[in-house]
Amino acid sequence: MVLVVPVEKKLMDVKIKDLPNWILTQGFTPKGTMRAFQRGYYQYDNKYVNINKGSTLGVSMVLAADVLFNYCVSYKELKREQLRKNH
Amino acid sequence: MNENLFAPFMIPVMLGIPITTLIIILPSMLFPAPNRLINNRTIAIQQWLTKLTSKQLMNVHSPKGQTWSLMLISLFLFIASTNLLGMLPHSFTPTTQLSMNVGMAIPLWAGTVTTGFRNKTKMSLAHLLPQGTPTFLIPMLVIIETISLFIQPVALAVRLTANITAGHLLMHLIGETTLALMNINLFSAFITFTILALLTILEFAVALIQAYVFTLLVSLYLHDNT
């Protein structure tokens, strides 16, 4: 019988239906969360911002994501101003 | 209509938790720290701008006042980046909240006054009386100058709040007018849209200028007291 040892998977390798289980396997200490955010920050930074012939693309993507995020947060108040008759 | 007008200034809440802290932290993530001698373009531009601003702001001070340069430059960067980020559609500007601006103004002003009182008591007390006043006016003028001293932090905070809030409100109202006029008369809608475009340019300038004014006044109070 083969013993299956669970290997630590990165976020991009996890299938969507396994996502809640994967989140539970990550440690939830404050230090671990900080380190995860730091890793994410530097991964984005080195891929899009810290490049040789950089442009405004790296920062613009963050700003666009920020606009989308704020739209989602304020969607409930904006819903009232829609022009459709039935919401 | 009344509730919709001030809805952008309410604290954003996601799943019942106010996310103001995340929004305040966001501008700091847009300024990467310089790692090497020669950095990428983003960091190089930011370094150049910071050097320009810091020279402009801190040139007038004595070496003792220049120990405040880190504080003042980071204050300027924070207010400028927060105001500029608030120009994005749907975003929340923390500097529209009076609580935050008073929290920035009072400690900084108190710091400058305390520095002056501790190190140069005679000189900072002498600032309470302008030069060349007639003798019989002295008591009244001391009272007036004391009141104006205590109003400084309140003025700092309220100035920043009122400017940014008023600008955002105006843009909101004129934008709604444009939309409403589009069905009535297209030409007047076009004129209103031009006004909106000019106002947006003004708002970008105001965002930067307000940061500058805040920092400049704090540095002025510092100069008086060192």
Side-chain angles (χ1 to χ4, degrees), chain A residues 11-12 16 19-20 22-24 26-87, chain B residues 1-36 38-47 49 81-82 84-94 96 168 172-173 175-176 179-180 182-183:
Chain A
L11 179 58
M12 289 295 147
I16 290 190
L19 196 62
W22 176 84
I23 292 182
L24 289 175
Q26 305 296 305
F28 273 118
T29 61
K31 208 169 170 185
T33 324
M34 286 291 305
R35 219 174 272 164
F37 274 119
Q38 254 188 347
R39 264 198 320 250
Y41 177 77
Y42 281 114
Q43 273 170 7
Y44 184 83
D45 189 45
N46 286 330
K47 187 164 179 196
Y48 290 110
V49 177
N50 199 358
I51 47 184
N52 267 337
K53 299 242 174 135
S55 61
T56 50
L57 177 65
V59 181
S60 312
M61 282 206 285
V62 178
L63 295 180
D66 186 37
V67 172
L68 266 178
F69 176 68
N70 284 316
Y71 180 69
C72 293
V73 170
S74 50
Y75 180 68
K76 218 168 157 190
E77 280 92 31
L78 291 172
K79 228 174 89 131
R80 293 188 199 139
E81 298 176 17
Q82 276 174 352
L83 297 173
R84 294 200 294 266
K85 205 168 64 167
N86 303 314
H87 282 191
Chain B
M1 165 86 170
N2 284 336
E3 198 208 276
N4 283 343
L5 205 51
F6 287 101
F9 302 119
M10 294 197 316
I11 298 192
V13 167
M14 186 170 77
L15 303 175
I17 308 173
I19 49 172
T20 327
T21 317
L22 290 176
I23 297 187
I24 293 183
I25 290 178
L26 175 69
S28 70
M29 300 218 263
L30 300 172
F31 293 105
N35 287 327
R36 313 181 166 153
I38 299 190
N39 295 295
N40 57 28
R41 287 180 183 178
T42 319
I43 296 184
I45 290 182
Q46 284 166 2
Q47 266 181 328
L49 280 172
S81 57
T82 319
L84 283 175
L85 275 179
M87 298 295 297
L88 291 172
H90 300 302
S91 50
F92 172 70
T93 322
T96 52
H168 283 270
H172 227 279
L173 285 170
E176 280 194 15
L179 273 178
M182 267 201 316
N183 295 328

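Chain identifiers are assigned alphabetically (A, B, ...) following the order of the sequence lines, protein sequences preceding nucleic acid strands; residue numbering begins at 1 within each chain.
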- Kindly determine whether A:Leu63 and B:Leu85 satisfy side-chain contact (heavy atoms from CB on, under 4.5 Å), including the steps that lead there. CA-CA 8 Å; A:Leu63 295 180; B:Leu85 275 179; 3.4 Å; yes

For [X], is it the side chain, the backbone, both or neither that has a heavy atom under 4.5 Å from a heavy atom of chain A?
X       : result
B:Leu15 : neither
B:Leu26 : side chain
B:Ile45 : neither
B:Thr42 : side chain

Go through the atoms of [X] and report whether side chain, backbone, both or neither lie under 4.5 Å from a heavy atom of chain B.
X       : value
A:Ile51 : backbone
A:Tyr71 : both
A:Val62 : side chain
A:Asn50 : both

- Message: Does any part of the side chain of A:Tyr41, heavy atoms only, come nearer than 4.5 Å to the side chain of B:Pro32, both counted from C-beta?
- Response: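 Touching, per the 4.5 Å side-chain cut-off.
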
- Query: What closest approach, in Å, do B:Pro89 and A:Val67 show between heavy atoms, and which atom pair accounts for it?
  - Reply: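 Closest pair (atom of B:Pro89, atom of A:Val67, distance): O-CG1, 3.8 Å.
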
- Message: Testing the basics here: between A:Val73 and B:Val13, what is the closest heavy-atom pair and its distance to 0.1 Å?
- Response: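 Scanning both residues completely, I find the closest heavy atoms to be CG1-O, 3.9 Å.
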
- Tell me, yes or no, whether the heavy-atom count around A:Tyr48 atom OH, taken from other residues, nucleotides or ligands under 6.0 Å, exceeds 12.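 12 or below, so no.
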
- Message: Just checking A:Phe37: does its CZ atom have more than 12 heavy atoms from other residues, nucleotides or ligands closer to it than 6.0 angstrom?
- Response: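 No, CZ of A:Phe37 has 12 or fewer neighbouring heavy atoms, counting only those of other groups under 6.0 Å.
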
Distance from [X] atom [atom1] to [Y] atom [atom2], nearest 0.5 Å?
X       : Y       : atom1 : atom2 : value
A:Phe69 : B:Ile23 : CZ    : CD1   : 6.5 Å
A:Asp45 : B:Met29 : CG    : CE    : 11.5 Å
B:Leu22 : A:Asp66 : CG    : CG    : 11.0 Å

